[in-house]
2 protein chains.
Amino acid sequence: MWKTILIYALLLAGLTAALKFLEYKYLLRDLSLEFYLGVVAVVFTALGVWAGIRLNRKKTLVVNAPATFVLNENNVRQLGISKRELEVLGLMAQGHSNQEIAEKLFVSANTIKTHLSNLFLKLEVNKRTQAVQRAKELGLIP
Amino acid sequence: MWKTILIYALLLAGLTAALKFLEYKYLLRDLSLEFYLGVVAVVFTALGVWAGIRLNRKKTLVVNAPATFVLNENNVRQLGISKRELEVLGLMAQGHSNQEIAEKLFVSANTIKTHLSNLFLKLEVNKRTQAVQRAKELGLIP
DNA sequence: GGTTAATTCACCCTTTCGGGTGAGGGCCAG
DNA sequence: CTGGCCCTCACCCGAAAGGGTGAATTAACC
C-alpha cells in the first residue's frame, strides 16, 4: 500500500519536472499553446487511467457460480448416515472446528468428535479434508 | 459498451471546450502559466482515474461451473500465489497430511508448513478445510 | 552490486484432530 | 421387553495442525 502511494508520488514528481522542462522548451521554441496543453492533457489522462486501473485492480476476483445442490439420499441410506451426522458433516465441510460445530448445535465437543469418528468410518477416510472430498463426490454436501 | 465510449467522448469534448474557455481567460486576464497548467493536469488526472476505474470495473459474471477445470490465473496473480504454493494447495485439497505432501514434493514437513501458513494468509483463512473451500471458489483447484 | 521474491528449513509453543473405550438415556420394532 | 440404533458425553493418549520467528540459498531484476 505505502509502496504504491510512493510510486504515484514519484511519478507525479517526475511528471512535474517534465512539465517544467516542457515549459522551458515552450518559451524557447515558441511551440503552440494548444500543442503544449494537449501534451499535458494526454499525459496526465494516461497517468490517471493507469493509476485508476491499478488502484481498482483488487476487486476483480471472479467467483464460480454455486451449483444447485440436491442431496443424494440414496447414498445417505446406503452408508447408514444419520441426520445428525449429516448436519455435523455439513458444518465441518464449511471449515468449522469441532468446538465451533459443538456450539452451533448446542452439544459438547466430545459429541462432535464421536459423530465425526463414526462418519470417518462410514466414509472410509481418516482426515476431515478427505471426508469433505468424499462427501462432495457422494452428493452429501454442496 | 458504445454508451460508455460515448460518455467518454462527450466528457472529453466538454473538457476541451473548457480548455478553450480557460485559454481565453488566460489570454484576457493573464493568469499565471503555472496555475493554468496545474489546473489542466489535475483535471485530466482526475478524469483519467475515473475512466480507469470505470473501464476496469468488471461485473462478476455468474457462470455455470465448467466440467473441465481451468485454473484462474488472474486470481493466482491477484493473490500473489506462487507455483509451489499452488502445488501444495492442490495436494492439501486432496486430503493429504503435511508429512505426505512433504514426501511427494521431496522437501521437509517444515517447508510444507511454511507454504501453508503463507497460503492461509493469502486466502485469509486459518484452517485447511476453509482453505480448500476458498480455493475452489477462486478456481485455484478443481 | 543491491533488492526483491521464492523456496527451503529449523525451533518454539499451543490448539485441534483422530482413535479408542466406556456409558447412560431415548426410541422403536420384533 | 429386549436388542438395535441414535444421540449424548466423558476420559485418555499421541499425532497433526496452526502460529510465530528467524535464517540460508537461489534466481531475477534493476
Side-chain angles (χ1 to χ4, degrees), chain A residues 1-7 10-11 13-14 54 57 73 75-135 140, chain B residues 71 73 75-135 140:
Chain A
M1 187 48 167
W2 293 108
K3 197 178 66 178
T4 311
I5 289 177
L6 185 67
I7 290 174
L10 286 177
L11 258 169
R54 185 146 286 248
R57 196 164 57 171
E73 298 182 45
N75 284 348
V76 174
R77 272 193 300 276
Q78 226 79 74
L79 298 171
I81 296 177
S82 71
K83 275 177 304 186
R84 201 55 160 174
E85 285 168 348
L86 208 54
E87 212 171 350
V88 174
L89 178 58
L91 289 171
M92 184 200 67
Q94 284 165 33
H96 297 294
S97 70
N98 293 349
Q99 188 55 50
E100 288 168 349
I101 300 171
E103 282 161 11
K104 280 181 192 292
L105 300 183
F106 302 105
V107 295
S108 87
N110 287 309
T111 303
I112 302 304
K113 288 185 61 174
T114 304
H115 285 318
L116 285 183
S117 283
N118 292 331
L119 270 169
F120 290 172
L121 283 178
K122 292 170 183 175
L123 295 176
E124 297 175 295
V125 298
N126 51 16
K127 289 190 206 1
R128 41 178 66 206
T129 38
Q130 291 172 349
V132 171
Q133 255 210 152
R134 187 115 184 79
L140 308 180
Chain B
L71 190 144
E73 297 181 47
N75 285 349
V76 173
R77 270 193 301 275
Q78 228 77 82
L79 299 172
I81 295 177
S82 70
K83 277 175 303 186
R84 201 55 159 173
E85 285 169 348
L86 209 55
E87 212 172 349
V88 174
L89 179 57
L91 290 171
M92 185 201 66
Q94 284 164 33
H96 296 294
S97 68
N98 293 348
Q99 188 54 50
E100 287 168 349
I101 299 171
E103 283 162 11
K104 280 182 194 292
L105 299 183
F106 303 104
V107 295
S108 87
N110 286 310
T111 303
I112 302 303
K113 287 184 61 173
T114 303
H115 285 319
L116 284 183
S117 283
N118 292 329
L119 271 170
F120 290 172
L121 282 179
K122 291 170 183 175
L123 296 177
E124 297 175 296
V125 298
N126 50 18
K127 290 192 203 358
R128 40 178 66 208
T129 38
Q130 292 173 349
V132 171
Q133 256 211 148
R134 185 113 184 81
L140 307 180

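By convention in this document, chain letters (A, B, ...) are assigned in the order of the sequence lines, proteins followed by strands, and residues within each chain are numbered from 1. Keep in mind that what you see is a predicted model, and the values were worked out from it rather than measured.
Looking at residues two or more places apart in sequence or on another chain, you find a side-chain contact (heavy atoms from CB on, under 4.5 Å) between Q133(B) and Q94(A). Under the salt bridge (Lys or Arg N to Asp or Glu O under 4.0 Å) criterion, K127(A) pairs with no residue, sequence neighbours left out. Remark: T129(B) engages no residue in a side-chain hydrogen bond (donor to acceptor under 3.5 Å, both in side chains) (not counting sequence neighbours).
Of all the heavy atoms in R128(B) and S97(B), the pair that sits closest is NH1-CA, 4.2 Å. Taking every heavy atom of both residues into account, L140(B) and L123(B) meet most closely at CD1-CD2, 3.9 Å.
The distance between atom NZ of K83(B) and atom C1' of dA5(C), rounded to the nearest whole Å, is 12 Å. Nucleotide dA17(D) holds its P atom 18 Å from the CG atom of L121(B), rounded to whole Å. Rounded to a whole Å, the CZ atom of F120(A) is 15 Å from the C1' atom of dG20(C). Taking atom CD of residue E124(B) and atom C1' of nucleotide dG18(D), one finds them 17 Å apart after rounding to whole Å. Rounded to an integer number of Å, the gap from N118(B) CG to dG22(D) P is 15 Å. Rounded to whole angstrom, the span from the CG atom of L119(A) across to the P atom of dC17(C) amounts to 14 Å.
Looking at residues 125-134 of chain A, you'll see N126(A), K127(A), R128(A) sit with a heavy atom under 4.0 Å from some atom of DNA chain C. Within residues 84-117 of chain B, the residues that place at least one heavy atom under 4.0 Å from DNA chain C are, in residue-number order, R84(B), V107(B), S108(B), N110(B), T111(B), T114(B), H115(B).
The stretch residues 87-113 of chain A participates, sequence neighbours left out, in these salt bridge (Lys or Arg N to Asp or Glu O under 4.0 Å) pairs: R84(A)-E87(A).
I81(A) pairs with exactly one of E85(A), R77(A), K83(A), Q78(A) by the side chain to side chain contact (heavy atoms under 4.5 Å, CB included) rule, that one being E85(A).
Rounding to the nearest 0.5 Å places NZ of K122(A) at 8.5 Å from CG of L79(A).
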